[in-house]
Amino acid sequence: MSGYRVLTRHSSRMGWRVLSLSLVLFAILATELSANVLVAPTSVILSEKQRTGRLTVRNPTNKPVEIEIRFSYGLPVSDSLGNVKIKFQDSLVTDPHSALGWIKAFPRKMILDPSTSQIIRFLARPPKNLSDGEYWARIMVRSQEGKTSIPVPSDREGISTRLNMIMQTAIVLKYRTGSLLSKIELRNTEVWQTDSSVIALIDMKNRGNVSYVGILKCRLLDARNKEISQDKIDLAVYYDLMRRVELPVTEGNFTKPYKVEISISTDGRTDIPPQDMIIGNKIEYVATVED
Amino acid sequence: MHRSSRMKLLAGFLTIIALSVIVAGSNTANAQDVAVGQAKANVLAVLVVTAEQDLAFGDVMQGVPDAVASGSADAGWFKVAGAESKEVSMYLQLPDYLWNDSTTAGGASDEDRMVVAFKDNDLTIGILAASIAGTPGAGAITDLDPHNIAERALGATPNNELHLFLGGTVFPTVDQRTGVYSADIVFTAAYTGQ
């Protein structure tokens, strides 16, 4: 019986791997051909059991493209208004959860001919005695035209200018080791009404040892639980995160007082393969909107 | 049939479907539902950043500043495309100078530089798939600060695209050396929810 279970789990994992590869191939190939370079998948997960990973970079254009792979460190951080940004840091990273410095990429520089692809491989060489949890870095895929045309001044004695537009896609890389816990805490919630909407400011703290990756759903309800509007945001909480959600007050026969139903969960993330998801706690909370 | 064989067969079907889509010339770039029999999977579109057009000041004159507005046809143009409603963080690394590097008759390197500036209203974001430089289209968000771009959700258009149009100003000095001046503008994009 246990042998059957093991076989089933193995087959299922292999199936997901095959399915994921097919879908990545599909996503890459099906993207419109005007793009500069395509990078897939959108995250790379490594672990103590699987210390290598890969990305596929494809040049769908009819010109050669110069690619450079670098590493950076950047987590989603928020300001007091709930606006989120990823701040990138290339050096002087003091976060003990940074994987910068012990992740290697092969190859790191290349010229991709038109309509060709290149697989980039990643290898983790973590320090010994790493604490349980998750370690992070960003893979920066930088691309620019392989042959830049040098502008020629129309007048020989003139001054000509050129600003090269360089594109960079930041892909998250996570290395996991030991016992993993995904847990989030709702620290504070403020809701208030403006002329045409209700604003919810939700303050969250990560209490686990991995990034909490899930979905934040907010529903604006009237006193009779009739839905007025709703919004849903993909969430990645590494340490602390404040999110601002604006819920429009649509026209209708709604009864005050309004309330905001907040739900945070790791369920429903269809963009991440199930084997890479770490199931975490769920939070449900209702906040009343004061007039 | 053995489960792993079934999965291989399923992967085969998916590959055939993918190739059929390519052969049919589909331009579909967005998250898609692919169904074969009982298997259903959601595909997250890759995040694609494209430099559609360089910021073009063209030829400039000594001592005469030259500005390109973000609504101009000469504005620099980046396009971001990805999965529907996913939020994207964007960052522009902007230069302070354009550089001219030439070699003197004696073989020594001889550098000169020209100031380039980006004001806090030099960015426009177009949300229509039909947005182009010079015509950002209805709903475009103007007068944004290119040094501090707020996160945005893709999904305002059927193609899930954002178009960033960047203006700027160069300040050639009265004794600016003639020649070609260049610099890099680096645009970085990342999903915020991963």
Side-chain angles (χ1 to χ4, degrees), chain A residues 8 11-12 14-15 18-19 21-23 25-36 38-43 74 76 83-86 88 138 140 142 144 150-155 157-172 213 232-236 270-272, chain B residues 3-4 7-8 10-11 14-15 17-18 21-22 26-29 32 34 41-51 54-55 57-62 76 78 81 83 86-87 89 91 95 98 114 150-151 170 172 176 178-194:
Chain A
T8 305
S11 304
S12 162
M14 182 183 152
V18 171
L19 192 64
L21 279 174
S22 304
L23 295 178
L25 176 77
F26 179 79
I28 289 177
L29 293 178
T31 304
E32 61 184 298
L33 299 179
S34 65
N36 201 295
L38 309 174
V39 185
T42 53
S43 59
N83 301 309
V84 176
K85 260 191 195 326
I86 298 177
F88 296 104
R138 293 269 167 178
M140 310 298 268
R142 181 182 280 225
Q144 67 183 111
I150 304 297
V152 180
S154 49
D155 174 0
E157 291 300 306
I159 300 169
S160 189
T161 58
R162 180 187 175 89
L163 280 155
N164 305 307
M165 309 297 257
I166 298 174
M167 295 135 288
Q168 210 164 241
T169 309
I171 304 287
V172 69
V213 175
K232 184 169 91 159
I233 298 172
D234 282 356
L235 205 58
T270 52
D271 55 321
I272 298 170
Chain B
R3 190 180 169 89
S4 64
M7 289 313 298
K8 281 178 188 167
L10 172 62
L14 283 168
T15 307
I17 288 172
V21 170
I22 306 306
S26 168
N27 280 336
T28 309
Q32 307 188 14
V34 180
N42 189 280
V43 181
L44 176 70
V46 292
L47 183 61
V48 182
V49 182
T50 312
D54 289 338
L55 172 55
F57 293 103
D59 291 358
V60 296
M61 294 168 68
Q62 286 164 323
F78 285 108
K86 300 288 177 193
E87 218 175 50
S89 176
Y91 175 69
L98 298 171
M114 185 191 303
E151 78 283 6
V170 286
Q176 192 83 50
T178 58
V180 176
Y181 290 76
S182 66
D184 293 341
I185 292 176
V186 183
F187 176 69
T188 305
Y191 285 127
T192 59
Q194 290 190 324

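To find a chain, count down the sequence lines: A is the first, B the second, and so on, and within it residues start at 1. No experiment lies behind these values; they were computed from the predicted model shown.
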Point-to-point distance, once rounded to the nearest 0.5 Å, from OG1 of A:Thr161 to CG of B:Leu98: 6.5 Å
Can you spot which of B:Val186, B:Val49, B:Val48 makes a side-chain contact (heavy atoms from CB on, under 4.5 Å) with A:Met167? B:Val49
Given a strict heavy-atom distance threshold of 4.5 Å, which part of A:Leu235 is in contact with chain B: side chain, backbone, both, or neither? backbone
Select one option (side chain, backbone, both, neither) describing which atoms of B:Ala150 are under 4.5 Å from chain A's heavy atoms. backbone
What are the two closest non-hydrogen atoms of B:Thr178 and A:Ile159, and how far apart are they? CA-CG1, 3.8 Å
Got a sec, which residues hit side chain to side chain donor-acceptor pair (under 3.5 Å) with B:Thr188, two or more places apart in sequence or on another chain? A:Gln168
Return the minimal non-hydrogen interatomic distance between A:Ala236 and B:Gly193, and the atom names on each side. CB-C, 3.6 Å
Please find the pair of heavy atoms, one from B:Thr192 and one from A:Ile86, that lie closest to each other, and give the distance. CA-CD1, 4.1 Å
Does either side chain, that of B:Gln194 or that of A:Asp271, offer a donor lying less than 3.5 Å from an acceptor on the other one? yes
Enter the distance from A:Thr42:OG1 to B:Tyr191:OH here, rounded to the nearest 0.5 Å. 6.5 Å
Heavy-atom pairs under 4.5 Å with chain B, option from A:Asn83, A:Ile171, A:Ile272, A:Val213 with the top count: A:Asn83
Can a donor-acceptor pair be found, under 3.5 Å and without considering hydrogens, that links the side chain of B:Ser182 to the backbone of A:Leu163? no
B:Asp54: side chain to side chain contact (heavy atoms under 4.5 Å, CB included) partners, not counting sequence neighbours: A:Arg162, A:Met165
Quick one: what part of B:Phe57 sits under 4.5 Å from any heavy atom of chain A, side chain, backbone, both or neither? both
Once you round to the nearest 0.5 Å, how far does CD1 of A:Ile233 lie from CD of B:Glu87? 5.5 Å
